[in-house]
2 protein chains.
Amino acid sequence: MSRKTITIKDVARFAGVSTATVSRALSRPSSVTPATRKSVLEAAQSTGYQMNQAARNLRKQQSGAIVVFVPDLSNPFFSHILSGIEAAAARNDKSVFLVNTYSPQNDNADALARYLSSSWADGVIILDGSLPKDLLQNRYVPGVSPPVVFGCEWSPPDKFPSVRTDNRRGAKLAIDHLIGLGHKNIGHVTGPLWNVLSTERLAGANAALAAHAAGLPAWQCEGDFSMASGTQAATQYLTLDTRPTAVFCASDTMAIGFMSELIKNGVSVPDDVSVVGFDDIDIAERFIPALTTIHQHREHLGESAVNLLMNAINGNAADDANAPLVLPVELIIRDSTKAIS
Amino acid sequence: MSRKTITIKDVARFAGVSTATVSRALSRPSSVTPATRKSVLEAAQSTGYQMNQAARNLRKQQSGAIVVFVPDLSNPFFSHILSGIEAAAARNDKSVFLVNTYSPQNDNADALARYLSSSWADGVIILDGSLPKDLLQNRYVPGVSPPVVFGCEWSPPDKFPSVRTDNRRGAKLAIDHLIGLGHKNIGHVTGPLWNVLSTERLAGANAALAAHAAGLPAWQCEGDFSMASGTQAATQYLTLDTRPTAVFCASDTMAIGFMSELIKNGVSVPDDVSVVGFDDIDIAERFIPALTTIHQHREHLGESAVNLLMNAINGNAADDANAPLVLPVELIIRDSTKAIS
DNA sequence: CTGAAAGCGCTTACAG
DNA sequence: CTGAAAGCGCTTACAG
C-alpha cells in the first residue's frame with residue numbers, strides 16, 4: 001500500500017556517495033568532510049530518509065534503550081522516580097520504555113521474559129521486588145541478558161546492584177516522632193509482608209518501639225499499600241477495644257485510605273488519633289489533614305538507578321557494585337500528628 | 001566479556017537440522033513434524049537459546065510492539081487507561097512500551113520522533129493532545145511511519161482515528177446537577193485553554209448554563225489540570241467579592257487542590273460551596289468530602305484505542321475510521337455538592 | 001516436511 | 001577521507 005521504504009542506499013545514490021559514507025555522515029559527522037556531510041544531509045532530507053532502528057540494533061548488537069519494570073503505574077509514588085530515570089537516561093543518550101508489571105497480562109515469567117532481552121534493552125531497571133522468582137533465577141542468563149539494577153525494591157538480595165531508600169531509618173523517624181509526642185500505644189499498618197519494603201519498615205518501627213520500651217505490643221494490621229487496604233485497616237481499627245492513639249502506615253496511600261474512613265466514622269485525625277505515612281506523594285500535603293510522612297528522594301533514586309545501570313552496561317562497575325546504595329529519608333511534619341492530650 | 005551469543009545456527013547444529021527448520025519449529029510449530037519439533041525445542045533448551053528480536057524485526061519489518069505516548073505519568077488519571085491498553089495489546093500479542101511525553105527530555109519533536117519509527121513500534125497510541133505540531137505534521141510520513149491513534153485527547157482533528165470521552169456532555173451533566181441543586185452563581189476552573197479537553201468542557205459548561213439562563217457570567221479561572229493550579233484557583237476564589245456558590249473544576253486533581261485550600265481557609269465544602277470534578281480518579285471517593293464528579297470509562301478508552309490501532313495496522317480500517325469514537329460519561333454524586341440553602 | 005540461499009538495512013574493519 | 005564487502009541473526013519464498 002505504501003511507497004517503497006527509503007534506505008541508506010537511496011540516500012547514497014542521491015548524494016552520489018557510498019552507503020558507508022552516508023552511515024558515517026549521519027552517525028559520526030566529524031569523520032567526513034564538510035562538503036560530503038552537507039550533501040548527505042541534504043540527500044537525507046529530500047529523500048525523507050528515516051533510520052531503521054532494527055537494522056542498526058542488529059548490527060551494533062545493542063538497542064539504545066533501557067526498559068523499566070514498574071509494579072503499579074496507578075501508584076503516584078512512582079512518577080517522580082520515573083522523571084529521575086528519564087532525565088538521567090537522556091543524558092546517556094538512551095530511550096526509556098516502561099513496562100507495567102502489575103498488569104494481569106504481565107503476571108508471569110513468560111510475559112516478562114520477552115522484555116528482558118538484549119534485543120529490546122541495553123539494560124533494565126526493576127522497581128518491582130515481587131517479580132516471579134523464576135524470571136531472574138532461570139530466565140536471566142548473566143552475560144547474555146542485559147544488566148539489571150533494582151530501584152526502591154529489591155529481591156534476590158545482593159545479586160544485582162540496587163538503590164533504595166533507608167526504609168528502617170524512615171520507620172524509626174516516624175515512630176520516634178510519635179513517641180516524642182507522648183504516644184504510648186502506637187499501631188502499625190504494614191504493607192504486604194512478602195514485600196521487602198514492608199518487612200524493613202516493620203523492623204525499623206519495632207526496633208524504635210523497643211528502644212523506648214513504649215507500651216507494646218501495639219496493634220498491627222497487614223495491608224497491601226493500596227488505598228482500599230488502608231480503609232480496611234480503619235474498619236478493623238474501629239472495632240478495637242482500646243484504640244492506639246497513633247498509627248504509622250507504611251505508605252501514604254494507605255494512610256489516606258485509613259484517615260478517610262476514620263473521619264467518615266467521626267474519628268478525628270489528629271485529635272483522636274495521629275497518623276504518619278511513608279513516601280510523601282503529592283497529595284500528602286493536600287489531604288485534609290495534611291499528612292505527616294517520611295519523604296523519599298525519588299528523582300534521586302531514579303537517577304542513581306540509571307547511573308548504576310550505565311556502569312554495568314559499560315563494564316566499569318565497581319568491585320562492590322552489588323552493595324546496595326542507600327539514600328537518606330526525612331520526616332515531614334504536617335497536620336495529621338499531634339501531641340497526646 | 002561474555003560467552004558467544006547463541007543463535008539459531010547453534011540450535012540447528014545441535015538438533016541436526018537446518019536453520020530454516022529451527023525457525024519454523026519455533027514460530028510455527030505445526031509446520032514441522034512432531035519429532036523434529038521436539039528435538040528442536042530440546043536443542044533450544046539445552047543451548048539456552050534466546051531469540052534476537054532485532055534480527056526478527058529487521059527481517060519481518062515489524063517490531064511486535066506498540067508504544068504509548070503519555071503526557072503525565074504522575075496524573076493518576078492515566079493508569080486505568082493503560083490497564084485497558086495493556087489488556088487489549090496482550091490479546092493482540094503485542095508488547096507495550098510507555099513513553100513519558102511530559103518529561104523535559106521529551107519536550108521537543110526531535111526527541112519524540114525517534115520513538116515514532118516503525119522500527120520501534122508497529123503502531124503508536126497518543127494520549128497527549130499537546131505534542132509539538134511539528135512532530136505529526138512534518139516528521140510523520142504516512143505509509144512509512146507506523147499508524148497513529150489518539151486516545152482521550154486529540155490534536156489535528158480528524159487526521160487520525162481517535163477515541164475520546166464525551167467531554168461536552170460530561171460538563172453539561174456537572175452543570176445541570178449544580179443547577180438542579182438550586183445554584184445560580186456557578187464558577188468554572190478550566191484546564192489550560194490550549195488543550196482540547198479544556199475547551200470542550202468549557203463549551204459544554206457554557207452551553208448548559210446558557211440553556212438555563214442561570215446567573216451568568218460566572219467566575220472563570222484557568223488552571224492546568226494540576227493540583228497546584230487548583231489551589232491557586234482557590235486563592236483567587238477567596239478574594240472574590242461575591243463568591244460563586246458552586247464551582248465546576250475540569251479535573252479531579254484541580255478539584256482536590258481547590259477544596260483543600262478552601263477548607264484550609266475555613267470555607268466549607270459543600271456547606272459554603274459545592275464542587276464538582278471531572279475524571280473520577282481513585283482518590284475522588286476518599287477525599288473528605290468525597291468528590292462529586294464525572295466518571296470516564298478509562299479501561300474501555302484504552303481498549304478501544306488498541307482496537308482502532310489494530311485495524312489501522314492490519315489495514316482493515318473502516319472508511320470512516322477517522323471519525324472520533326465517543327464514549328459515554330456518568331455523573332457520580334458524592335458529598336462535595338449540596339442543595340443551596 | 002525440509003534445506004539452501006537470499007535478503008531485511010545498517011555499520012565497520014580493511015584497503016586505498 | 002572514502003568505497004567495496006562482509007556480516008549482525010533472523011524468516012521466507014523457492015525447490016525438492
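Just so we're on the same page: letters track the sequence lines, and every chain starts at 1.
B:F97 has its ring centre no less than 6.0 Å from the ring centre of B:Y115. A distance of 6.0 Å or more separates the ring centres of A:F150 and A:F69. Taking the centre of each ring, A:F14 and A:Y49 stay at or above the 6.0 Å mark.
With hydrogens and angles left out, the side-chain atoms of B:D128 and B:T101 include a donor and acceptor closer than 3.5 Å.
With rounding to the nearest 0.5 angstrom, the NE2 atom of B:H297 is 7.5 Å from the CG atom of B:L327. Summarising the geometry, atom CG belonging to A:L308 is positioned 8.5 Å from atom CD1 belonging to A:I125; distances are rounded to the nearest 0.5 Å. Rounding to the nearest 0.5 angstrom, the gap separating the OG1 atom in A:T5 from the CD atom in B:Q61 is 6.5 Å.
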Reading 5' to 3' through nucleotides 8-16 of chain C, protein heavy-atom contacts under 4.0 Å coded B for base, S for sugar-phosphate only, - for none: BBBBBB---
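With a 3.5 Å limit on both pairing distances and Watson-Crick or G-U wobble geometry required, the stems of 3 or more pairs in DNA chain C span C:1-3 with D:14-16, C:5-12 with D:5-12, C:14-16 with D:1-3.
Residue A:T33 places at least one side-chain N or O under 4.0 Å from the OP1 or OP2 atom of D:dT2.
Between the side chain of A:N92 and the main chain of A:A88, a donor-acceptor pair closer than 3.5 Å is present.
Nucleotides D:dG16 and D:dT12 have their C1' atoms positioned 16 Å apart, rounded to a whole Å.
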